[in-house]
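Report on one structure; see the data block that follows.
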There are 2 protein chains.
Amino acid sequence: MTGNSDRRVRRTRQAIQRALIELILDKGYETTTVTDIINRADVGRSTFYAHFTDKQDVLFGNLDDLVFLHAGPPSEGPLFGFSLPMFEHVQSQRQLVSALLGRRGGGAVIARGEQMLAEVVRRELLARAPQPTPRLDLVVTAVVGAFMGLLRGWADDQFAATPVEMDRTFRTVVTPGVTMILTSGEPA
Amino acid sequence: MTGNSDRRVRRTRQAIQRALIELILDKGYETTTVTDIINRADVGRSTFYAHFTDKQDVLFGNLDDLVFLHAGPPSEGPLFGFSLPMFEHVQSQRQLVSALLGRRGGGAVIARGEQMLAEVVRRELLARAPQPTPRLDLVVTAVVGAFMGLLRGWADDQFAATPVEMDRTFRTVVTPGVTMILTSGEPA
DNA sequence: TCTGTAAAGAACATTGTGTTCGCTATTGTG
DNA sequence: CACAATAGCGAACACAATGTTCTTTACAGA
């Protein structure tokens, strides 16, 4: 645990992480280079690679702090209850989230977000299914796809909308079909 | 129109495009470099840049041939009639499409696919809406997101499924909600 | 204080992109 | 067929970015 106790280590790591966030806000994730980061953080090149393997490594070290999982226990409240709180949270962190999730952000972050969200949705559906639903994985994928699609479009300013509108669209499109599947054990 | 009439030009362009496709099948789109392409196509570096600006430029030159738009006139047949034919077509071109749409493929192709698909969905919804639907753009985004999510998951082998299962999931999840929106002029 | 270690910083190898230029080979046309 | 136009070759170049290695310096904590 040397890494944590030495002040120099803490300072350096934090400088690098802050620098990345700032740069993401400035010019987006993809276009930010390691060279940019070490310049902004004012650390030596070797120092960077002593702490992180990658740009992505830095980001993921940070990502857990930013995790927007306001997901409560699975079976409380309405179906897909995570939706509105999530859209609201995204709006409050608009700049950063846009930079990470939009077209200018890396696919890596989106992939990670999709995975986490899929887990949430999966549990929610399992908790509510009265009978085993066939091909639940497919349903989860479709639902996550709809949500993330909306989120990305929003992040990219393809349309202006309030969190409430986003939430309403998502639920209105997706909930009736999913409810049918859950109750009837129907396809897919 | 020199470009079309000179045999050398035709040969070169085709060699480059074929090389890219082969390389995509070998190692994926993102990891394929221009250097790879000119080696495989056996053309000079300068020649490549005389014809294309980019790896992406080559791809998009090809993409129209691969266009999987089996979208008939908007208001014929069932809602989202493009779904099954599209999944079937994707399966027949499995390797290539997977390489392009999966995680190993570039975001550029996905983005393009989403745009084209959004256009199809948009027209279909407009043709069927008895009354103007508010925030149709949001609905389109959600629908496209669900479809592309399924398509990407499939391409990535996250699950095995037949085109029929894919189609059924997509329609079952999405159609009830969309129908409600169209008929009631409801949210979002 | 004094020892272990973090950081600086510079040099280096490597890989990829995109451009330039003079020479050669091929093409379509008169 | 002959010839002017031009496509292609290939090598060299400038540039940007990644990741490694090494020596020297400076700092933290016991």
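Letters A, B, ... mirror the listed sequences (proteins, then strands); counts begin at 1.
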Tell me: [atom1] of [X] to [atom2] of [N], nearest whole Å?
X        : N       : atom1 : atom2 : result
Phe52(B) : dG8(D)  : CZ    : P     : 10 Å
Lys27(A) : dA16(D) : NZ    : P     : 12 Å
Arg13(B) : dT6(D)  : CZ    : P     : 17 Å
Ile16(A) : dA6(C)  : CD1   : C1'   : 12 Å
Asp57(B) : dG18(C) : CG    : P     : 11 Å

(request) Give a yes or no on this: more than 12 heavy atoms of other residues, nucleotides or ligands lie within 6.0 Å of atom CD of Gln14(B). (result)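 No, because the 6.0 Å sphere around CD of Gln14(B) holds 12 heavy atoms or fewer from other groups.
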Between [X] and [Y], does any side-chain N to carboxylate O distance fall below 4.0 Å?
X        : Y         : answer
Lys55(A) : Asp57(A)  : no
Asp42(B) : Arg40(B)  : no
Arg94(B) : Asp157(B) : yes

(request) Consider only side-chain heavy atoms of I, L, V, M, F, W and Y, link residues closer than 4.5 Å, and tell whether Phe80(A) and Leu84(A) are in one cluster. (result) no
(message) Check for me, please, whether Val164(B) and Val90(B) land in the same ILVMFWY cluster - side-chain distances under 4.5 Å, paths through other members count.
(response) no
Can you name the atoms? Protein N/O to nucleotides 25-30 of chain D N/O, anything below 3.5 Å, with the distance.
residue: dC27(D); atom: O2; partner: Arg8(A); partner atom: NH1; Å: 3.2
residue: dA28(D); atom: OP1; partner: Arg7(A); partner atom: NH1; Å: 3.4
residue: dG29(D); atom: OP1; partner: Ser5(A); partner atom: O; Å: 2.9
residue: dG29(D); atom: OP1; partner: Arg7(A); partner atom: N; Å: 3.4

(message) If you assign each of Lys55(B) and His51(A) to its closest nucleotide in DNA chain C, which residue comes earlier from the 5' end?
(response)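 Counting from the 5' end, the first nearest nucleotide belongs to His51(A).
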(message) Near DNA chain D, counting only heavy atoms under 4.0 Å, which residues of residues 35-49 of chain B show up?
(response) Asp42(B), Val43(B), Gly44(B), Ser46(B), Thr47(B)
(message) Quick check for you: among dT17(C), dA7(D), dA7(C), whose closest atom lies nearest to any side-chain atom of Val34(B)?
(response) dT17(C)
(request) Let me know which of Thr33(A), Asp36(A), Thr32(A) forms a side chain to side chain donor-acceptor pair (under 3.5 Å) with Lys27(A). (result) Asp36(A)
(request) Would you check if the distance from the ring center of Phe147(A) to the ring center of Phe87(A) is below 6.0 Å? (result)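 Ring centres of Phe87(A) and Phe147(A) closer than 6.0 Å.
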